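Each remark here refers to the structure printed beneath this line.
Quantities reported herein were computed from a predicted structural model and do not represent experimental measurements. Note that these values count all heavy atoms, side chains included, but never hydrogens, waters or copies made by symmetry.
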Amino acid sequence: MLNRRTFIASGSALAGLGLARPALAQRKAIRIGYVSPQTGPLSAFSAADDFMVRQFLAAAPGLGLDAEVIVKDSQSNPNRAAEVARELISRDEVNLILVASTPETTNPVCSVAESEEIPVISTVAPWQPWFIGQQGNPADPGSRQEFDYVYHFFWGLEDNVRVFMNMWDAVQTNKSVGALWPNDSDGNAWSSAVGMPPALAAAGYRLTDPGRYQNLTDDFSAQISAFKQAQAEILVGIPIPPDFTTFWTQARQQGYRPKLVSVAKALLFPESVAALGELGDNLTAEVWWSPQHPFRSSLTGQSAGELAGDFEAAAKRQWTQPAGFVHALFEVAADAIRRTDNPTDGDALAEAIAATDLQTVVGRVAWGQENVPEFARRNVAKTPLVGGQWRRMQDGSFDLVIVENALAPQIPLGDSLRTLA
């Protein structure tokens with residue numbers, strides 16, 4: 001795959017998306033960079049990227065925007081993410097950067113852009129590893145600083161922990177939890193004092209944490225043995241997709257059979273679950289976006305269900321959670337650009353982004369809200385989170401059913417939670 005791809009808004013871009021050609025109008029010209037992990041072990045996060053970029057560009061002329069989008073692949077590598085961010089700024093001279101999908105991509109891009117005073121809108125990473133991970137000394141709260149140019153929207157670890165524990169509380173277990181946490185930004189955040197251990201202890205759960213492991217590990221026997229010894233009836237973790245496939249296959253071979261499995265990141269994608277076959281049935285995960293979410297796009301007017309359906313028809317594959325958030329990235333960008341007299345003025349554009357209060361296909365995006373701790377409130381906006389369970393259908397495919405919605409009751413339940421067979 002080419003490292004750099006450029007998309008330009010034009011009338012011809014409208015045909016494939018069923019949108020009418022708009023009347024000519026005075027347009028605001030802007031060059032946008034977009035970075036995501038399109039190859040490598042995190043590539044599942046970017047399956048909807050091309051569709052969403054083209055959809056934005058198809059809508060842009062009708063919104064009075066003359067937009068060019070330059071797409072860069074982080075290759076699932078933090079060093080590469082920083083490198084392409086520098087390329088976008090120095091060589092491509094972008095006015096705005098959008099970035100998505102895990103702290104390994106968002107953090108280096110935002111750090112580079114902040115230092116170069118280029119506005120960034122970021123998503124698809126819990127806010128703690130995004131915000132705290134960019135501080136000079138994350139262990140020292142006194143060193144935390146606000147950012148002037150980078151703005152992030154997503155949920156936080158506290159939301160994911162609460163959703164998982166709400167599901168566990170609905171089932172009779174021995175409250176013994178085994179943790180599968182990798183040695184990366186997500187794993188280190190989840191296992192820290194701002195992550196899951198304090199919440200588990202406060203709720204009376206016993207945690208077995210065998211320590212951090214390296215991504216792309218091929219033998220999880222030590223972790224499985226520790227979980228079996230602790231009689232961990234609940235498994236939690238945030239591995240990358242290939243690592244969970246390896247772990248769960250080995251766990252079943254070695255006789256580890258918990259009652260509940262709640263795994264972030266790896267169980268987001270239907271392909272990852274389908275690769276497990278019958279071993280994927282009734283595994284649970286956080287759900288940030290689905291066709292059942294009761295929100296509409298400010299770009300196209302589509303409901304979440306209509307957006308998911310259009311993506312499935314165009315891509316010939318099942319909808320995926322990041323699709324809604326990539327679409328919302330461009331919703332927020334378009335809204336901020338339209339509210340800026342000169343979107344090539346970085347300071348003015350950053351101010352417009354900070355002032356965002358927009359209903360999007362993933363819910364409301366508005367910075368400065370009280371549901372975020374004060375030290376991060378200026379740069380972090382939270383979106384709703386619920387819990388889901390993968391159900392294997394008769395044809396072997398999987399459907400993600402919403403089974404827990406205490407934090408976002410406006411998102412309807414699809415069924416009640418089931419334990420593993």
Side-chain angles (χ1 to χ4, degrees), residues 28-36 65 67-72 74 78 81-138 143-154 185 325-326 328-358 360 365-369 372-383:
K28 295 182 179 180
I30 188 167
R31 179 173 286 186
I32 301 171
Y34 174 66
V35 183
S36 66
L65 305 180
E68 177 182 356
V69 178
I70 300 170
V71 177
K72 298 275 191 175
S74 73
E83 181 181 341
V84 298
R86 294 188 186 97
E87 288 178 4
L88 286 168
I89 294 166
S90 62
R91 188 181 72 186
D92 300 310
E93 298 182 338
V94 298
N95 310 115
L96 170 67
I97 295 177
L98 309 181
V99 59
S101 302
T102 78
E104 284 70 33
T105 304
T106 60
N107 290 18
V109 170
C110 288
S111 294
V112 168
E114 178 71 16
S115 68
E116 297 293 332
E117 301 183 352
I118 298 296
V120 178
I121 307 170
S122 172
T123 194
V124 189
W127 74 259
Q128 286 94 340
W130 178 85
F131 183 89
I132 299 172
Q134 294 183 80
Q135 306 298 318
N137 181 7
S143 72
R144 293 173 184 164
Q145 60 182 3
E146 294 179 336
F147 304 116
D148 294 319
Y149 294 92
V150 299
Y151 294 87
H152 186 77
F153 67 94
F154 208 50
S185 296
F325 276 81
V326 175
L329 263 183
F330 287 97
E331 287 187 74
V332 175
D335 175 69
I337 294 166
R338 296 175 73 191
R339 289 185 285 105
T340 308
D341 290 337
N342 177 13
T344 63
D345 180 335
D347 290 340
L349 185 54
E351 288 180 8
I353 295 169
T356 296
D357 190 344
L358 183 67
T360 76
V365 175
W367 283 276
Q369 302 304 302
V372 176
E374 187 174 0
F375 67 83
R377 192 171 294 165
R378 182 172 185 266
N379 302 101
V380 172
K382 290 216 301 184
T383 52

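Separation of atoms CH2 (W127) and NZ (K382) is listed at 8.0 Å; rounding is to 0.5 Å. Taking OG1 of T360 as the start and CD of E331 as the end, the distance is 5.0 Å to the nearest 0.5 Å. With rounding to the nearest 0.5 Å, the separation of CG in L329 from CG in L98 is 5.5 Å. Put simply, CD1 on I97 and CD1 on I89 are 4.0 Å apart, with the number rounded to the nearest 0.5 Å. Of the inter-residue distances, the one linking I70 atom CD1 with D92 atom CG reads 4.0 Å to the nearest 0.5 angstrom. Summarising the geometry, atom CD1 belonging to I30 is positioned 5.5 Å from atom CG belonging to L349; distances are rounded to the nearest 0.5 Å.
For the residue pair R86 and V112, the shortest heavy atom distance occurs at CG-CG1, 3.7 Å. Looking at every heavy atom in both residues, G33 comes nearest to V94 through N-CG1, 3.7 Å. Residues A81 and P108 come closest through the heavy atom pair CB-CG, 3.6 Å. Across all non-hydrogen atoms, the minimal contact from S122 to C110 is CB-SG, 3.9 Å. Across all non-hydrogen atoms, the minimal contact from S36 to T105 is CA-CG2, 4.1 Å. Closest approach of T106 and V99 over heavy atoms only: CA-CG2, 3.8 Å.
Using a 4.5 Å heavy-atom threshold, the side chains of I353 and L96 count as touching. Two residues are said to be in side-chain contact when any heavy atoms from C-beta on lie closer than 4.5 Å; F153 and I121 meet this criterion. Inter-residue side-chain proximity for Y151 and T356 is flagged as unmet; no heavy-atom pair is nearer than 4.5 Å.
A donor-acceptor pair under 3.5 Å is absent between the side-chain atoms of W367 and the main chain of R378, judged by distance alone. Side-chain atoms of R377 come within 3.5 Å of backbone atoms of Q369 as a donor-acceptor pair (strictly under, hydrogens ignored). Between the side chain of E104 and the main chain of P78, no donor-acceptor pair closer than 3.5 Å is present. Side-chain atoms of R31 do not come within 3.5 Å of backbone N or O of E68 as any donor-acceptor pair. Using a distance-only test at 3.5 Å, with no hydrogens or angles considered, no donor-acceptor pair links the side chain of K72 to the main chain of A85. The backbone N or O of E117 lies less than 3.5 Å from no partner atom in the side chain of D148, so there is not a single donor-acceptor pair.
Residue pairs meeting the ring-ring contact (aromatic ring centres under 6.0 Å, His included) criterion with at least one partner in residues 329-353, sequence neighbours excluded, are Y34-F330, F56-F330.
E83 pairs by the side-chain hydrogen bond (donor to acceptor under 3.5 Å, both in side chains) definition with R80, not counting sequence neighbours. Listed by chain and number, the residues in a side chain to side chain contact (heavy atoms under 4.5 Å, CB included) with A352 are A336, R339, T340 (sequence neighbours excluded). Shown here are the side chain to side chain contact (heavy atoms under 4.5 Å, CB included) partners of N107, two or more places apart in sequence or in another chain: P103, W130, Q134. Considering only residues two or more places apart in sequence or on other chains, T344 meets the side-chain hydrogen bond (donor to acceptor under 3.5 Å, both in side chains) condition with N342. Here D345 pairs with nothing under the salt bridge (Lys or Arg N to Asp or Glu O under 4.0 Å) rule; sequence neighbours left out.
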Task: side chain to side chain contact (heavy atoms under 4.5 Å, CB included) between V120 and E114, worked out - done: CA-CA 8 Å; V120 178; E114 178 71 16; over 6 Å; no
